[in-house]
Structure formats: structure tokens, C-alpha cells
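Shown next, in C-alpha cells, is the structure this report addresses.
One-based numbering, in listed order, for ligands and for the atoms of each.
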Amino acid sequence: MLLLLILPLFSSSRADFASDHVHNFLNESVAPCDNFYRHVCSMGMGVNDTVAKKSAKYYQDMASRLQSRSANNPIMNDIAEARADLNCTFDDDVYSNLLQERCASDFDCYFDEFLYFFKLFNKTKENVDDSLKYYSTHGNKTSRSIQQSVRATSKMVELLYQNSDFNKTKSFNSSVSTYVLLNDRLFVMEVLNANDTASRVGLEKVHNLTKQIRDIIRNTFQETPWMRRANEFGFTILGQYLEILDELTILTDFDCLDRNLTTLRRINHDMTERYFENSPRRTGCTWFDVVHAFNTTDMQLDAKYTSYEDQVNYFRVATTFSYNAFNFVEASIIAILGPTFYPLVENSTETTQIAFAGDIIGHEMYHSFITEALPNRSEEYRNEADCLTQHYNQSCQLFAEGECNSGPKTLSEDGPDVEGLRAAFELLKKEYTDEQLKEFDYPDLKITREQNFFYSAAMRSCADIANGVYREHSPDNIRVNALYSQMPEFTRAFGCKPDDLLYSEEDRVCYLFGKKSTGKNANSTINELKKTKGPAALDSIDNL
Ligand SMILES: *[C@@H]1O[C@H](CO)[C@@H](O)[C@H](O)[C@H]1NC(C)=O
Ligand SMILES: *[C@@H]1O[C@H](CO)[C@@H](O)[C@H](O)[C@H]1NC(C)=O
Ligand SMILES: *[C@@H]1O[C@H](CO)[C@@H](O)[C@H](O)[C@H]1NC(C)=O
Ligand SMILES: *[C@@H]1O[C@H](CO)[C@@H](O)[C@H](O)[C@H]1NC(C)=O
Ligand SMILES: *[C@@H]1O[C@H](CO)[C@@H](O)[C@H](O)[C@H]1NC(C)=O
Ligand SMILES: *[C@@H]1O[C@H](CO)[C@@H](O)[C@H](O)[C@H]1NC(C)=O
Ligand SMILES: *[C@@H]1O[C@H](CO)[C@@H](O)[C@H](O)[C@H]1NC(C)=O
Ligand SMILES: *[C@@H]1O[C@H](CO)[C@@H](O)[C@H](O)[C@H]1NC(C)=O
Ligand SMILES: *[C@@H]1O[C@H](CO)[C@@H](O)[C@H](O)[C@H]1NC(C)=O
Ligand SMILES: *[C@@H]1O[C@H](CO)[C@@H](O)[C@H](O)[C@H]1NC(C)=O
Ligand SMILES: *[C@@H]1O[C@H](CO)[C@@H](O)[C@H](O)[C@H]1NC(C)=O
Ligand SMILES: *[C@@H]1O[C@H](CO)[C@@H](O)[C@H](O)[C@H]1NC(C)=O
Ligand SMILES: [Zn+2]
């Protein structure tokens, strides 16, 4: 195993996760200017030592301290029983007997059972059999045969069992997760409400950062030359974007809406009520009954929660410990989730807070602006966006450690990464003078404040890349290396040289917004690298 790991964690008394990371997990044999990701995220570090996992664990541990909840909660008991029962398979006789015990000679009870499973069955297929559709609308009026109804229902249930065979553990976990996370969250809120200095400070800090980042983005838009140009109808993009920016609602985990627990308890009440309405249907295997009681509950609540606010809250209770934040663009609502608070409540440096939370807030805000329609409204933007997609695509050629499809497909995330981190760095520059940026945050390692900014923002991306699933996001190592080679501030902070892989300078990087967004820097730095490192590494760069 790693030699580093058996050294005493001499810095852990600071309770600063960024300090722990730079003291324990940097790989000094990888030059920061050549591959910052692998410099920060040692290949051999355990996945549980990554900041992302530690953030989630902070709250999971808080929730799991409350063992008593399962004992007192019949739904949690069902879930535990179901989890132990995942090997159970369908038996037609067992099911028919259970159904007959419950419905006796009441046809409507059997028909109700048919309709319940028909809705679920209907969801699993594009085209369900016509006879089932017909029976679902006429079975109640015509034959009223109990035997027929049991037979049709039993066959559907059997097919549903087969459908859920592909990975029972996974589909079981995804079905119960909303309920489990909501209850974790209720308990975490109860703990925090009793004992909450750190989280209140963290909350206030996030609110302050939100205001500051919003001001910086407003200023960036105002400085963007092409935004001021009116279209044929007399509208400017600037006017539209400033309004969207001002309208953005920021919800924060553990905010007042959480704290009085009204919203959480209402969602919990809705889920509990429907779960019990759905759960009498026993098929002989608890895992199946629980999954479908929750899946039906979920369909019912999706139909009930029609307002944006309800939808966002229902969504965020199920994501609390796994994500940093999300932007529900249609509703102009951003939710900043618990893990973002971790460094803030754990006494990290001001620099880390700006890098970590400021960056996330900036990233989420930019999601509202980096849209598919924008390239059609500005040629300058289109050129800069092309520049960025080309840069990310070329970064795959240099840094891929597995599948890497960065380029046009990932622009909607790469763009917010780049502009979000720039906004956070602007904030750092506002808070500190040039001299202060060169002061040491970690004197023993000679890591300056501005270097700490880049360390703190990057360490969040340490992950098991080989097993990651990346769709609209670039792989984590690309998210760091491609991003940092778009930041001349990084080059200056680390003294990178022109032939270093991550070297960049102002007039060779891409700016989606701001006064340098002229559409004229259409070639990114990596074109330069193509010359210095030879064409071999970058063979198929034109393959966008
Ligand atoms: C954070 O700092 C405060 C004030 O110094 C201290 O009371 C608290 O215990 C620290 N929290 C942690 C988790 O170390
Ligand atoms: C550090 O990087 C070097 C060079 O890539 C590599 O051989 C070594 O395994 C890395 N060490 C750790 C702990 O990841
Ligand atoms: C990481 O943490 C999880 C959950 O806490 C645990 O099940 C797993 O064994 C840990 N893995 C390692 C390598 O320590
Ligand atoms: C489920 O079945 C598999 C293979 O038949 C067996 O290895 C495993 O121990 C069983 N699990 C439980 C929880 O019974
Ligand atoms: C069955 O599915 C179709 C399309 O997927 C949908 O339009 C219809 O409303 C569904 N019927 C029921 C009873 O859920
Ligand atoms: C089936 O018919 C009975 C009697 O006409 C009625 O009370 C019941 O509501 C009907 N159920 C459905 C699901 O249509
Ligand atoms: C239940 O819902 C979950 C989450 O939407 C889905 O992944 C799963 O496939 C569904 N399970 C079944 C058996 O339909
Ligand atoms: C099933 O899903 C679980 C949980 O996501 C995962 O750990 C496991 O590897 C999956 N198994 C298969 C056979 O895909
Ligand atoms: C409050 O925090 C202290 C110190 O971290 C801890 O010992 C105590 O158990 C906490 N109280 C509750 C109700 O969680
Ligand atoms: C938030 O900003 C206000 C006003 O600028 C300031 O008084 C307060 O100390 C700040 N709070 C934190 C936690 O930084
Ligand atoms: C809790 O907060 C919600 C939303 O802010 C508010 O509507 C409600 O009145 C509050 N409830 C209590 C008991 O303070
Ligand atoms: C970009 O690079 C290509 C090839 O090196 C060159 O032909 C083109 O003029 C450059 N464009 C700009 C805007 O510098
Ligand atoms: Zn995003």
C-alpha cells in the first residue's frame, strides 16, 4: 500500500480538509504544470479519502448515529426486510393465494390490483398488449371474472419480476433512495437545529459568496462587447441576461426552509401516506412489493407536485449527500446542497471557501446562460465556444485515462467550469492584494494563497476515473487539466513555462464572456503544444 498513508496525519488537528489533502495526497513526482490532476489526485489514494466522499460521509455519519429510527419506523423495517430478501423469486401459486386471501370474493379488489400493476407494466414497455389495454378500461364492466383478472395480473407481475432482474440491488436502491435520504435529512436537520453553530456560519458564508459571485458575473456581462448589441427587435442579450441573473433564486440546504422542517415533514407525510396506500399488495417477495410501492408513490408525487418549488424540493431531498448543487434552469432555481458546506463547517481557509463554494456557485449560475441558442445570437460567442470545444477535445488527446469524449457534447458543463472558476478567482483577487496572493497559506509546504485556490478547486475532482460514468461532464482529470490550461492565472501562480502542457497566456485562451470575449482567439493554447510536443500525441485533433 501507499507509504504516505502510514505516516501520521500530523495536520488533521486543523480540521481543514484541504490542508489534510495537500499534506497527504499530493504526488510530487508529477509536475503541477504538466498534469495538475495527477499531481493533486495521487493514483493510489483510496476513494474514501477523496474530498467528494468525505463530504458525503460527513452527513451520512451524522444520520447513521441515529440508529433508533429503523426500530421505530415501519417503512424502514420494510426496507430492511426487503433488502435481506433480494433472492426471492416469483411463484404464481403463492401470489394467487395471497391475493385471494386479501380480496376474497370482492371483484373490485381484484380489478384494483390489476389496474395497479397495469400502470407499472405499462410504464415498462412502449406497446403493451392490446388485450391488456382493453381489459383495463372494460374489465370492470363486462365479464367481472375473478379468475380472469387473477390470471392476467399474475402474468403481468411475473413479467415485471423478470424485468427487474438485471440488477436487483441497484434498482432496489434507486427505488428506496428518496425515502431513505429524506429521513436521513430530517434527522440531520434535527441534530443541526440542536447543535448548529458551524452550519449556520457555513450557511451565512454561502449566502455572502452567492451575492459576491453574482456581482462579479454581472460585471463580466456588462463588460462583454457583443452583449450590448441590439438585435432587429431592439433587444440586447445584456438586458435579458442581467434580468435572469437577478431573478435566480438560490435555495440552500439547511436554510430556513429546511430549518423549520415544515417542507421536509410535508414531503415525508405525502410519501408515507401513499406508501401505506400502495403497500397492501403482497406478491410473495418483499423486495418486489417495496420497490413497487415506492415506484407508484413516486409516480403519484410527480403528478401531485406541479409547482417548480415543489419539484425542486422533492428532487433535492433525494440528492442531498451525493451532489454539490444543481440548477433547475427552467425555473431559475439553483440549489446548493449539503456537501458544499463541508469545507465551510470544517474550518478551512478563506481561500478554500472561495475556491470550493465560490466555484460551485459560479458554475451553477453560468448554467443559466450557456445555452444552445446563444451561438445563433452572437458570432463572437460562437467562435469562443468553438475555441473551447476544440481545446477540451485536444485535452482528451493529451490526458485521457480511459474513454474521453470532451468537445461539443460537454460544452454545457465545460463552459460553466471555465467561467465559474474565473468568477471565483476574480473574487479572490478582490479580497486580497497581489502581495497577499503570494503569501503562504501552508508555510510548511510553501503553498501560496493563490496556489491553494487551485489546489482546493481541483481536489474536489479526485475520483476513481476508470469507473466513472461521464455523459455531459468531461472526465474528472480533463475537468481539471483542460480548465487550468484555460487559466493564465494558474500559469502565473505555478510559474509554468511555455513548453509545459498546462501553460497558457491571455491572448491564446477562450473567453465565452467578458471584455476579452472578442471571438478572435479562435486558437487555444494546445495548438501551440501541438508544435512543441510533436504531432503524435495530437493526431486526430480535427476529429471533433
Ligand atoms: C472549528 O473552529 C471552532 C472555533 O475555533 C471550534 O470551536 C470548532 O470545534 C472547530 N470545528 C471543528 C470541526 O474542528
Ligand atoms: C506518482 O506519480 C508517479 C509518476 O506518474 C507514479 O509512478 C506514482 O505511482 C505516483 N504515486 C502515487 C502515490 O500515486
Ligand atoms: C469506503 O467506505 C465505504 C462506506 O463507508 C466502505 O463500505 C468501504 O469498505 C470503504 N472502502 C475502503 C477501501 O476503505
Ligand atoms: C442469493 O443467491 C446467491 C446464489 O444463489 C447466493 O450466493 C447468495 O448467498 C444468496 N443471498 C442471500 C442473501 O440469500
Ligand atoms: C400507458 O402508457 C401510455 C404511453 O406510454 C400512456 O399514454 C397511458 O396513459 C398509459 N396508461 C396507463 C393506464 O397508465
Ligand atoms: C368498478 O365498478 C364498480 C361498480 O360499478 C365501481 O364501484 C368501481 O368504482 C369500478 N372501479 C373502477 C376502477 O372503475
Ligand atoms: C422503479 O423506479 C426506479 C427509479 O425510477 C427504476 O430505476 C426502476 O427500474 C423501477 N423498478 C421497477 C422494477 O420498475
Ligand atoms: C449492481 O448494482 C450494484 C449497486 O449499484 C453494483 O455494486 C453491482 O456491481 C451491480 N452488479 C452488476 C452485476 O452489475
Ligand atoms: C453537539 O456537539 C457536541 C460536540 O460536537 C457533541 O458532543 C454533542 O453530542 C452534540 N449534540 C447533539 C444533540 O448532537
Ligand atoms: C457576511 O457578510 C456580512 C456583511 O458583509 C458580514 O457582516 C458577515 O460577517 C459575513 N458573514 C460571514 C460568515 O462571512
Ligand atoms: C416554515 O417555512 C415555510 C417556508 O419558508 C413557511 O411557509 C412556514 O410558515 C414556516 N413554518 C413555521 C412553523 O415557521
Ligand atoms: C488558427 O490556426 C490556424 C492553423 O494554425 C490558422 O490558419 C488560423 O489563422 C488561426 N486563427 C486565428 C484566429 O488565429
Ligand atoms: Zn453543471
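- In summary, no N, O or S atom of H473 is located under 2.8 Å from the Zn ion (ligand 13).
- F315 has its ring centre no less than 6.0 Å from the ring centre of F328.
- In terms of protein heavy-atom proximity, atom 10 (C) of ligand 5 is nearest to N122 ND2, 2.2 Å.
- Ring-centre distance between F114 and Y135: below the 6.0 Å cut-off.
- Distance check for atom 1 (C) of ligand 3: a protein heavy atom is found below 4.0 Å.
- The CD atom of Q148 lies 9.0 Å from the OG1 atom of T153; values are rounded to the nearest 0.5 Å.
- Proximity of atom 4 (C) of ligand 5 to the protein is not indicated, since no non-hydrogen protein atom lies closer than 4.0 angstrom.
- The pair E277-R274 fails the salt-bridge criterion, with no side-chain N (NZ, NE, NH1 or NH2) lying under 4.0 Å from an Asp/Glu carboxylate O.
- Per residue E413, closest N, O or S atom to the Zn ion (ligand 13): atom name OE1.
- Taking the charged nitrogens against the carboxylate oxygens, D112 and R281 do have a contact shorter than 4.0 Å, which makes a salt bridge.
- In terms of protein heavy atoms, atom 9 (O) of ligand 3 is closest to N48 ND2, 4.8 Å.
- Atom 7 (O) of ligand 5 is not flagged as protein-proximal [any protein heavy atom, distance under 4.0 Å].
- Cation-pi geometry between R460 and F356 is met: under 6.0 angstrom from the ring centre, within 45 degrees of the axis.
- Ion pairing between D215 and K211 holds under the 4.0 Å rule for side-chain N and carboxylate O.
- Atom 13 (C) of ligand 5 has its closest protein heavy atom at F118 CE2, 3.6 Å.
- To the nearest 10 degrees, the Zn ion (ligand 13) sees NE2 of H363 and NE2 of H367 at an angle of 90°.
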